[in-house]
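The residues of the chain are indexed from 1 along the displayed sequence.
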Amino acid sequence: MTTNPKTLKKMNEQIIFCATNSTKLILQALNTSFTGLSEQAIKEHRNLYGNNKIVHGKKLSLTKRIANAFINPFTAILFCLAIVSIFTDIIIPIMQNSPDDVNPVTVIIILTMVYIWLFAFCSRKPFR
């Protein structure tokens with residue numbers, strides 16, 4: 001969907017027009033009828049606008065999608081938090097000879113969040 005202010009203004013005007021006028025007037029403004037466009041109008045529209053066909057672009061490989069997912073401020077922040085947590089929760093307690101204080105739970109949670117984010121991003125579908 002576009003966010004161009006002029007386009008949004010025009011769309012809002014069209015919505016208001018459709019909401020405040022009769023069906024007959026709306027159909028006249030759109031040059032159509034209840035049965036749709038005539039065969040001649042369809043040919044003219046196809047000549048003017050082209051076929052109503054969706055063009056699919058080249059699909060990205062899984063490697064490129066994962067790389068694109070990493071180029072993201074959210075994942076960068078999560079990775080920074082994971083690195084800090086690795087140092088504060090794992091490495092520093094080991095270096096201080098206190099293995100009872102080692103707590104990898106935070107690191108595991110953050111890395112799980114990164115995995116979920118990447119999975120949702122790469123699949124291009126909302127995570128449910």
Euclidean distance, [Y] [atom2] relative to [X] [atom1], rounded to 0.5 Å:
{"X": "I109", "Y": "L81", "atom1": "CD1", "atom2": "CG", "result": "12.0 Å"}
{"X": "T32", "Y": "L37", "atom1": "OG1", "atom2": "CG", "result": "4.5 Å"}
{"X": "I86", "Y": "I92", "atom1": "CD1", "atom2": "CD1", "result": "12.0 Å"}
{"X": "S85", "Y": "I91", "atom1": "OG", "atom2": "CD1", "result": "11.0 Å"}
{"X": "N103", "Y": "T88", "atom1": "CG", "atom2": "OG1", "result": "9.5 Å"}
{"X": "L30", "Y": "Q14", "atom1": "CG", "atom2": "CD", "result": "8.0 Å"}

Look at the side-chain heavy atoms of Ile, Leu, Val, Met, Phe, Trp and Tyr, link any pair under 4.5 Å apart, and say whether [X] and [Y] land in one connected group.
{"X": "I15", "Y": "F17", "result": "no"}
{"X": "L27", "Y": "I16", "result": "no"}
{"X": "V105", "Y": "L78", "result": "yes"}
{"X": "L48", "Y": "I42", "result": "no"}
{"X": "I77", "Y": "L111", "result": "yes"}

Is it the case that over 12 heavy atoms from other parts of the model lie below 6.0 angstrom from the CD atom of E39?
no
Would you mind reporting whether I110 and F79 have side-chain heavy atoms less than 4.5 Å apart?
no
Non-hydrogen side-chain atoms of D89 and V102 separated by less than 4.5 Å:
no
Under 3.5 Å, side chain of S98 to main-chain N/O of D101, donor-acceptor pair present?
no
